[in-house]
Number of protein chains: 2
Amino acid sequence: MTASGADGTVGPVEPVPAHAAQHRATIADVARRAGVGAGTVSRVLNGGARVSETTRRRVLAVIDELDYRPSQAARNLSLGTTSTVGVVVPFFTHASAVERLRGLVPVLTGGAYDFVLFDVETREHRNHHLDSLSRPGRIDGAVVVSLPLTDAEVTRFTRARIPLVLLDAAHPGVPHVVIDDVRGGRLATEHLIALGHWRIAFVGDPPTNPFDFTSSTDRRQGYHDALARAGIAARPEYVKEGSHDREVAFRLTEELLSLPEPPTAVFVASDTQALGVLEAARRHDVAVPGDLSVIGFDDIEVSRLVGLTTVRQPLQDSGARAGALLLQLLEGGTAPAETLLPLEVVFRETTAPPPTARSGRATSGRGARR
Amino acid sequence: MTASGADGTVGPVEPVPAHAAQHRATIADVARRAGVGAGTVSRVLNGGARVSETTRRRVLAVIDELDYRPSQAARNLSLGTTSTVGVVVPFFTHASAVERLRGLVPVLTGGAYDFVLFDVETREHRNHHLDSLSRPGRIDGAVVVSLPLTDAEVTRFTRARIPLVLLDAAHPGVPHVVIDDVRGGRLATEHLIALGHWRIAFVGDPPTNPFDFTSSTDRRQGYHDALARAGIAARPEYVKEGSHDREVAFRLTEELLSLPEPPTAVFVASDTQALGVLEAARRHDVAVPGDLSVIGFDDIEVSRLVGLTTVRQPLQDSGARAGALLLQLLEGGTAPAETLLPLEVVFRETTAPPPTARSGRATSGRGARR
DNA sequence: TTGAAAGCGTTACCAC
DNA sequence: GTGGTAACGCTTTCAA
């Protein structure tokens with residue numbers, strides 16, 4: 001490993017180290033050179049079909065000699081199949097998406113299919129991929145994650161005879177695996193209420209977004225349901241929504257904390273955002289859970305590490321289920337219309353009774369906020 | 001959202017909701033029906049080429065009517081190009097891989113190319129993908145992450161005229177972006193030595209593995225170098241290697257802690273494993289950094305959250321660089337043979353002087369270990 | 001067992 | 001402008 005220039009780079013490289021043949025060998029080349037028909041070469045390569053041992057040897061020798069490699073494109077066209085399944089995921093590097101993929105990958109990857117991932121970062125990507133994948137000759141099956149599809153889009157897939165499974169999004173007539181987000185929001189809020197809180201805030205994603213994600217607003221619905229059931233009046237100033245991002249959650253939390261009557265607890269629609277909430281509390285010397293209880297949603301990997309109380313959804317399992325469903329479909333079988341996954345509150349270290357209701361352990365005392 | 005059976009599923013779905021046409025429309029169908037030639041249809045679809053406004057309209061109408069969508073496979077074959085770049089990544093859901101992809105995705109995704117990810121979990125995947133991608137008609141360019149390639153494999157790509165960039169792996173003649181792992185290991189160990197440690201352990205990956213990863217052993221080399229320079233004798237019992245996994249690191253740490261003379265510091269070859277080390281310390285009431293200093297490698301996202309001291313490598317930037325290099329190559333340009341990225345120790349809260357050497361702040365006291 | 005030839009669905013070149 | 005017609009490289013059917 002040698003040192004380098006100021007920009008960290010070292011000497012240039014030929015555009016294409018052109019020690020290569022001008023013409024890539026095709027099946028015809030092999031056939032000609034081996035003195036056989038193209039069909040025979042194909043037979044040697046694929047079908048365990050009947051080819052005499054001698055010609056087989058000869059063909060193999062020529063293939064080796066010419067370093068022949070069949071063209072995937074030609075193969076796909078001829079076969080009308082790709083042996084590939086596509087997975088469309090918005091922001092696949094986000095923690096929850098990664099968890100889902102962790103479950104999905106092994107099941108899809110085990111069988112006869114290639115697994116390829118299509119990332120979506122913008123509305124254009126979304127449309128482009130959905131369009132491109134639903135046309136014939138690209139993939140044999142798809143699982144689309146977190147993206148609500150239009151009827152027209154679904155139809156395109158069915159018309160193209162491409163089996164489809166939805167994960168974290170529902171559509172009638174398309175097998176999908178989901179959770180009940182409204183119920184999840186209720187669970188989280190009820191946990192807080194049971195602890196004695198009534199000044200409970202909500203932090204989540206914006207209701208309108210380029211992808212029509214609805215889980216955050218569904219969870220907010222559950223939050224409002226729980227409040228109503230408990231006879232607690234909803235306060236508009238306690239509901240903060242901003243892009244799915246730790247920094248943004250940080251800022252929203254600062255707004256919450258500087259309210260004349262700040263909340264004693266906050267339900268955050270995702271663990272990622274909850275981390276931002278936690279950071280804001282720490283930055284402003286608000287003790288968690290002493291002065292502020294925080295409950296998240298998802299139970300991503302770090303949540304356990306930082307002791308975050310959260311509503312756990314089986315992320316990894318959801319991926320595994322969706323993958324299995326697609327495989328079933330690919331094999332010509334049927335799949336249940338809906339797979340509803342269970343939810344569960346994981347009580348860890350960021351929630352506790354509110355300051356006023358507390359008796360035991362010493363804390364920095366109530367009213368110390370800000 | 002309705003309730004469901006015990007297995008969380010609801011009613012079955014038709015294998016293929018067959019309200020579809022028997023025959024998917026092809027360009028010929030469109031041409032016939034529009035009373036034009038196939039060439040014309042192609043022209044209205046692609047080349048902004050000269051087509052009369054009237055025929056153009058007519059063709060478009062028929063396309064819409066027939067819901068015609070061009071076959072990607074046929075297109076690829078005819079064009080000899082796929083407008084797709086492939087990225088091969090082992091264990092892409094691992095934290096460091098995700099960070100790299102976070103940098104790679106936006107640059108690859110911005111331009112005229114589709115980005116597709118190929119996951120590698122086994123030696124078979126590795127070989128399969130490398131083989132399949134290096135044959136014509138699959139992708140237009142590739143970046144291979146963390147996988148050392150054989151000369152033969154590299155040759156296949158060059159023969160197929162597929163631009164290739166290596167990330168976190170080197171090969172002469174192939175543009176690659178890397179760090180100096182040996183130096184990184186030395187940096188980490190020197191940090192510990194500077195703090196006053198001399199009983200310094202190492203936890204990392206196994207030297208032999210299915211993918212020939214070498215970064216862990218390179219970092220270990222740096223560790224030994226630093227020790228030697230400082231005149232500290234290496235102790236074999238202080239070197240623990242096991243699979244890249246938090247649980248395994250946890251166990252290895254327990255072994256370290258139960259040594260007659262346990263280390264006062266440990267250099268862990270990755271942050272992921274460092275988290276396991278931290279957990280083991282916590283479990284056994286070993287104060288960090290009071291009784292045990294821990295320094296990791298990578299600086300993944302959680303490291304900041306848990307205050308882990310670590311050797312930072314620009315993961316995200318590495319992805320961005322590799323992506324940019326590939327784009328250059330794709331446009332017929334050249335790329336520097338090697339891009340060497342900088343390393344830096346990020347001093348956070350898990351390292352401090354060893355118990356005996358300490359003067360200031362009160363701790364649980366030395367010798368309290370185990 | 002094996003060669004010849006007909007697709008597979010596009011694109012691009014060449015006359016008209 | 002536009003239609004006809006070769007490729008593109010493979011698989012598969014059909015005879016022989």
Side-chain angles (χ1 to χ4, degrees), chain A residues 21-60 62-63 66-83 132 134-138 140 159-161, chain B residues 21-60 62-63 66-84 132 135-138 140 159-161:
Chain A
Q22 278 308 46
H23 175 66
R24 277 193 314 267
T26 72
I27 200 169
D29 298 328
V30 177
R32 192 175 318 119
R33 182 140 179 144
V36 302
T40 303
V41 178
S42 177
R43 271 165 232 144
V44 172
L45 246 22
N46 310 302
R50 13 217 81 280
V51 177
S52 83
E53 193 51 29
T54 42
T55 39
R56 155 183 227 77
R57 277 213 202 317
R58 184 149 33 95
V59 170
L60 251 17
V62 175
I63 286 179
L66 263 41
D67 189 42
Y68 162 69
R69 5 208 50 238
S71 149
Q72 193 66 37
R75 201 152 195 285
N76 290 351
L77 180 58
S78 186
L79 248 24
T81 195
T82 63
S83 306
S132 129
S134 64
R135 59 184 62 184
R138 198 99 157 88
D140 289 352
R159 291 278 268 274
R161 296 276 162 67
Chain B
Q22 279 307 47
H23 174 66
R24 279 193 312 267
T26 71
I27 199 170
D29 298 327
V30 176
R32 193 176 318 120
R33 181 140 181 144
V36 302
T40 304
V41 178
S42 179
R43 268 166 238 145
V44 330
L45 244 24
N46 311 303
R50 11 219 81 279
V51 178
S52 82
E53 193 51 28
T54 44
T55 38
R56 156 183 226 75
R57 277 213 202 313
R58 185 150 33 96
V59 169
L60 251 18
V62 174
I63 285 179
L66 262 40
D67 189 44
Y68 162 70
R69 7 211 45 242
S71 150
Q72 193 64 36
R75 200 150 196 286
N76 290 350
L77 180 57
S78 184
L79 250 25
T81 194
T82 63
S83 306
T84 291
S132 130
R135 58 184 62 184
R138 197 99 158 88
D140 290 351
R159 291 278 268 273
R161 297 275 161 68

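Numbers restart at 1 for each chain; the letters A, B, ... are given by sequence-line order, proteins then strands. Only this structure's heavy atoms are used, side chains among them; waters, hydrogens and symmetry mates stay out.
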Enquirer: Nearest-Å distance, CZ (B/R138) to P (D/dC8)?
Expert: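 Value for this atom pair: 22 Å.
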Enquirer: Measuring to OP1 and OP2 of C/dA12, would you say a side-chain N or O of B/S78 lies under 4.0 angstrom away?
Expert: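 Negative; the distance criterion is not met.
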Enquirer: Between A/R43 (CZ) and D/dC14 (C1'), how many Å, whole number?
Expert: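 A/R43 atom CZ is separated from D/dC14 atom C1' by 11 Å.
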Enquirer: I need the CG-P distance between B/L45 and C/dA12, as an integer number of Å.
Expert: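 It is 12 Å, rounded to the nearest whole Å.
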Enquirer: Taking only residues two or more places apart in sequence, or in another chain, which ones meet A/S71 in a side-chain hydrogen bond (donor to acceptor under 3.5 Å, both in side chains)?
Expert: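 Residues passing side-chain hydrogen bond (donor to acceptor under 3.5 Å, both in side chains) with A/S71: none at all.
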Enquirer: How sharply is the helix from C/dT1-D/dA16 to C/dC16-D/dG1 bent, taking the axes over five pairs at either end and rounding to 10 degrees?
Expert: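 It comes to 40° between the two terminal axes.
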Enquirer: Do B/T82 and B/N76 have side-chain N/O donor and acceptor atoms under 3.5 Å apart?
Expert: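 No - no donor-acceptor pair under 3.5 Å links their side chains.
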Enquirer: Can you establish whether the number of heavy atoms outside B/R33 located under 6.0 Å from its atom CZ is more than 12?
Expert: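 Count not over threshold, so no.
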Enquirer: Hey, which of these two, A/S52 or B/A38, hits DNA chain C nearer its 5' end, going by closest nucleotide?
Expert: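 Comparing both residues, the 5'-ward one is A/S52.
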Enquirer: Would you say A/S42 reaches D/dT11's phosphate, i.e. side-chain N/O to OP1/OP2 under 4.0 Å?
Expert: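 For A/S42, the contact criterion (side-chain N or O under 4.0 Å from OP1 or OP2 of D/dT11) is met.
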Enquirer: Calculate the interatomic distance between A/R135 atom CZ and C/dT10 atom C1'; express it in whole Å.
Expert: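 Rounded to the whole Å, the gap is 12 Å.
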Enquirer: Of the candidate nucleotides C/dG9, C/dA12, D/dC10, which contains the atom at the shortest distance from the side chain of B/L79?
Expert: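 Per side-chain heavy atoms of B/L79, the pick is C/dA12.
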Enquirer: Once rounded to the nearest 0.5 Å, what's the spacing between atom CZ of A/R57 and atom OG1 of A/T54?
Expert: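 These two atoms lie 8.5 Å from each other.
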Enquirer: Would you mind telling me which residue lines up with the more 5' stretch of DNA chain D, B/G39 or A/V41, judged by nearest nucleotide?
Expert: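 Closer to the 5' end of DNA chain D: B/G39.
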Enquirer: Has A/R75 got a side-chain N or O lying under 4.0 Å from the OP1 or OP2 atom of D/dG9?
Expert: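 It does not, given that no N or O in the side chain of A/R75 lies less than 4.0 Å from OP1 or OP2 of D/dG9.
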Enquirer: Return the OG1 to CD distance between B/T84 and B/Q72, rounded to the nearest 0.5 Å.
Expert: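 One finds 7.0 Å between OG1 of B/T84 and CD of B/Q72.
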Enquirer: Could you tell me the separation between the CG atom of B/D67 and the CZ atom of A/R135, rounded to the nearest 0.5 Å?
Expert: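 Here the interatomic distance stands at 10.0 Å.
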Enquirer: Under 4.0 Å between a side-chain N/O of B/T40 and OP1 or OP2 of D/dG3, yes or no?
Expert: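 For D/dG3, OP1 or OP2 has a side-chain N or O of B/T40 closer than 4.0 Å.
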Enquirer: Can you find a pair of side-chain heavy atoms, one from B/R75 and one from B/N46, that are under 4.5 Å apart?
Expert: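 B/R75 vs B/N46: side chains touch.
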Enquirer: Less than 4.0 angstrom between a side-chain N/O of A/N46 and OP1 or OP2 of D/dT11, yes or no?
Expert: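 For D/dT11, OP1/OP2 do have a side-chain N/O of A/N46 under 4.0 Å.
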Enquirer: Nearest whole angstrom, please: distance from the C1' of C/dT1 to the CD of A/E53.
Expert: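 It is 13 Å, rounded to the nearest whole Å.
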Enquirer: If you measure from CD1 on B/I27 to CG on B/L45, what distance do you get to the nearest 0.5 Å?
Expert: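 So the CD1 of B/I27 and the CG of B/L45 are separated by 6.5 Å.
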Enquirer: For B/L77 and for B/T54, locate the closest nucleotide of DNA chain D by heavy-atom distance; then report the residue assigned to the nucleotide nearer the 5' terminus.
Expert: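 The answer here is B/T54.
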Enquirer: How many Å lie between CZ on A/R32 and P on C/dT2, as a whole number?
Expert: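 Distance check: A/R32 CZ to C/dT2 P gives 19 Å.
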Enquirer: Rounding to a whole Å, what distance do you find between B/N76:CG and C/dA12:C1'?
Expert: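 Going from B/N76 (CG) to C/dA12 (C1'), I get 16 Å.
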Enquirer: Nearest whole Å is fine: how far is C/dT1 P from A/R57 CZ?
Expert: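 Rounded to whole Å, this separation is 15 Å.
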Enquirer: Looking only at side-chain N and O atoms, does A/T55 come under 4.0 Å of OP1 or OP2 in C/dT2?
Expert: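 For C/dT2, OP1/OP2 do have a side-chain N/O of A/T55 under 4.0 Å.
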